[in-house]
Amino acid sequence: MPPTMATRARFVYSRRRAADEEEEQEEASSSSSDEEEEEEAEVEGSDEEGDAEEEEEEADADEPAVKASPSAAAGAKAPGRGGRKGPITISLKKVCKVCKKTGHQAGFKGAVYIDCPMKPCFLCKMPGHTTLTCPHRVAMEHGVIPAPRRNTNTSLDYVFQSQIKGKISMVKPRFLVPNQLECGNIKFHQRRVTCLEFHPTQNNVLLSGDKKGLLGIWDYVKLHEKVTYDSVHSCILNSMKFDTANDGVLYTASSDGTISSTDLDTGIGSPLLNLNPDGWSGPSTWRMIYGMDLNTEKGLLLVADSFGFLYLLDRRSKTRIGQPVLIHKKGSKVTGLHCNPAQPEVLLSSGNDHFARIWDTRKLEPKSSLASLAHGRVVNSGYFSPRSGNKILTTCQDNRIRVWDYIFGNLESPSREIVHSHDFNRHLTPFKAEWDPKDYSETVAVIGRYISENHNGVALHPIDFIDTSTGKLLAEVMDPDITTISPVNKLHPRDDILATGSSRSIFIWKPKNDTDDPTEERTSQKVKEYVYGSGSRKKSNGKHGDSSDDDSDGGTGGKNKKAKKTRFTHTAKGKGKSKA
DNA sequence: ACTTGATGATCCC
DNA sequence: TGGGATCCCTCAAG
């Protein structure tokens with residue numbers, strides 16, 4: 001059932017329900033037959049709102065007028081508020097919730113979303129068609145805009161010399177898509193998941209951060225071993241990085257303006273950096289940290305704030321090195337940082353100023369970037385390829401994944417732009433395309449998809465595996481039990497495992513094993529185990545547990561004590577802060 | 001089965 | 001250059 005369908009449209013809808021998708025498409029792309037009957041009910045003129053509402057009541061005696069037409073009521077009030085002049089058009093029948101015009105309706109019809117035809121395509125952003133007919137949707141393998149490859153030298157040549165050649169394997173590795181849901185941790189977090197990271201040495205341990213700053217640790221094989229720490233950060237946990245010298249320590253970056261070095265056994269964090277030492281004095285001065293990376297060679301922590309500045313920290317002495325450097329437009333957010341895996345001195349930054357930039361951290365000055373990569377909108381992320389470091393992959397809010405095949409070449413335009421739905425939505429964690437760290441050929445990337453696909457009558461949002469060398473869609477990973485969007489995805493550095501953050505839940509995917517029970521039933525059952533609690537917990541009701549879920553494994557004992565030496569065995573909320 | 005609210009980038013003056 | 005209205009496939013609580 002489409003929950004967004006307006007009450008008043010029910011008649012039209014039920015009449016049409018039996019109709020197939022084609023008719024719906026037709027309706028969406030052109031003004032067709034059905035509207036005629038609504039036009040007559042339209043009230044035009046410069047009536048005052050009171051009049052208009054009365055009219056409506058009479059016309060729609062069947063239904064409570066106010067309730068039935070919230071959009072019309074809002075529309076009637078708008079002129080008074082906004083001072084808009086001219087005739088007011090009040091529709092008594094269905095009004096498009098996007099453009100407020102009659103004759104069509106945007107929204108879900110069953111599991112299919114019908115676009116507003118007055119807007120540019122929600123996928124490729126071009127006018128003249130909607131998502132349903134967008135060529136990039138119909139055939140993903142054609143969703144590539146080729147760009148000429150040039151070979152002009154850049155200053156990056158100087159930095160890299162020829163050290164990288166020969167590092168890339170020419171042999172395509174075995175590629176197993178982790179396409180089957182293995183297990184999940186439903187509502188492990190109280191707010192939406194913002195980042196994920198696999199533990200570097202403990203193979204089955206997944207770290208997760210959320211919008212409230214909660215840090216989660218979960219062993220997805222032992223399942224019941226999970227911990228959450230709520231005292232490390234006070235708001236959005238944007239990035240996590242392990243200390244390569246000590247894998248018991250995790251660096252975290254947060255919108256609270258701090259970098260924390262957290263002991264995973266105790267959950268006790270010591271601040272490495274606090275950009276808001278004087279506390280809150282309004283949003284215009286509050287600094288948030290999104291981008292962070294570690295230069296392991298130099299023991300250097302690189303951090304960037306929401307005002308465009310980059311900070312260098314010495315990991316051991318915990319002191320700042322030099323002054324902050326402006327690396328993106330002043331006052332704009334730096335969304336991400338990545339040190340080149342082959343040449344850690346080389347840094348890639350992405351920002352809200354619609355640019356990704358490459359820097360030499362040994363020679364940092366404002367405007368001293370080695371290259372500036374222009375994008376259509378905000379750049380959510382930018383990553384060097386995981387082994388050779390000589391490719392770049394960026395995710396931009398203009399619904400394009402950009403690939404630069406060779407950073408020695410001319411970087412003015414990307415080698416490819418891959419149209420892919422990962423639009424910005426303020427309620428979703430920004431999408432980020434990430435390389436598969438196991439793929440020696442450096443071609444496979446994973447990214448969640450915003451727009452849904454009708455999957456047996458259910459709107460599902462797949463996780464896409466994309467061949468970045470061709471733009472071809474290699475695999476769509478989804479499960480009928482997961483109806484929410486999955487903007488956060490992480491591929492395991494060694495195993496064929498995908499971790500997904502979707503809303504407040506975390507999921508683990510594995511490749512489908514032929515020896516496994518092939519029925520979907522098994523998958524569903526597995527998820528439900530976590531829906532209803534792990535181990536000792538009994539199924540309490542027919543719905544997903546509420547936020548008390550987090551305490552569900554209290555049965556393992558020692559609930560309010562610290563997690564001391566027994567790691568990850570129970571839910572610990574902060575260090576001794578938990579309520580009695 | 002509806003409504004509500006949280007809240008980031010953008011656009012427009 | 002800055003404040004305020006606007007917004008398109010959210011999600012889950014009530």
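So that the names make sense, note that chain A is the first sequence line, chain B the second, and so on, each numbered from 1. Bear in mind that the values here come from a model prediction, so they are computed numbers and not experimental data.
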Is the phosphate of [N], meaning OP1 or OP2, less than 4.0 Å from a side-chain N or O of [X]?
X: Lys333(A); N: dA9(B); value: yes
X: Ser503(A); N: dT10(C); value: no
X: Lys100(A); N: dC7(C); value: no

Quick one: which protein N/O atoms are closer than 3.5 Å to N/O atoms of nucleotides 11-13 of chain B? Pair and distance per line, please.
none

Nearest-nucleotide pick for [X], side chain only, options being [options]:
X: Asn352(A); options: dA9(B), dC9(C), dA12(C); value: dA9(B)
X: Gln397(A); options: dA12(C), dA6(B), dA9(B); value: dA9(B)
X: Arg426(A); options: dA9(B), dC7(C), dC11(C); value: dC7(C)
X: Thr131(A); options: dG8(B), dC9(C), dA6(B); value: dC9(C)
X: His427(A); options: dT7(B), dC9(C), dA13(C); value: dT7(B)

For [X] and [N], what is the distance between atoms [atom1] and [atom2] respectively, to the nearest whole Å?
X: Phe424(A); N: dT10(B); atom1: CZ; atom2: P; value: 8 Å
X: Ile485(A); N: dC11(C); atom1: CD1; atom2: C1'; value: 9 Å
X: Asp464(A); N: dC9(C); atom1: CG; atom2: C1'; value: 15 Å
X: Asp423(A); N: dC7(C); atom1: CG; atom2: C1'; value: 11 Å
X: Met478(A); N: dC9(C); atom1: CE; atom2: P; value: 21 Å
X: His375(A); N: dT10(B); atom1: NE2; atom2: P; value: 13 Å
X: Asn425(A); N: dC7(C); atom1: CG; atom2: C1'; value: 9 Å
X: His422(A); N: dA9(B); atom1: NE2; atom2: C1'; value: 15 Å

Without swapping roles, check the side chain of [X] against the backbone of [Y] for a donor-acceptor pair under 3.5 Å.
X: Ser369(A); Y: Ile327(A); result: no
X: Arg504(A); Y: Gln190(A); result: yes
X: Thr395(A); Y: Ala433(A); result: yes
X: Asn399(A); Y: Asp423(A); result: yes

Could you give the distance separating dC11(B) and dC9(C) at their C1' atoms, to the nearest angstrom?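 It works out to 23 Å between them.
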What is the nucleic acid contact for Ser452(A), judged by heavy atoms within less than 4.0 Å: base, sugar-phosphate only, or nothing?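 Result for Ser452(A) = base.
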Which residue is it: His420(A), Glu476(A), His461(A)? I am looking for the one with a side-chain hydrogen bond (donor to acceptor under 3.5 Å, both in side chains) to Arg449(A).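 Going through the options one by one, the only one that passes is Glu476(A).
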Test applied, side-chain hydrogen bond (donor to acceptor under 3.5 Å, both in side chains); reference residue, His375(A); option that passes from Thr394(A), Asn380(A), Asp353(A):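 Of Thr394(A), Asn380(A), Asp353(A), side-chain hydrogen bond (donor to acceptor under 3.5 Å, both in side chains) with His375(A) is met by Thr394(A) alone.
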Between Lys211(A) and His354(A), which has a closest nucleotide on DNA chain B that is more 5'?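 Result of the comparison: Lys211(A).
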For dC9(C), what is the paired nucleotide under Watson-Crick or G-U wobble rules, both distances under 3.5 Å?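 Its partner: none found.
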So for atom NZ, which belongs to Lys101(A), do other residues, nucleotides or ligands contribute more than 12 heavy atoms lying within a distance under 6.0 Å?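 Counting neighbours around NZ of Lys101(A), 12 or fewer heavy atoms of other residues, nucleotides or ligands fall under 6.0 Å, so no.
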In sequence, state the C-alpha distance, the side-chain angles, and the governing distance for Phe507(A) and Asp479(A), and then conclude on side chain to side chain contact (heavy atoms under 4.5 Å, CB included). CA-CA 11 Å; Phe507(A) 300 104; Asp479(A) 188 283; over 6 Å; no
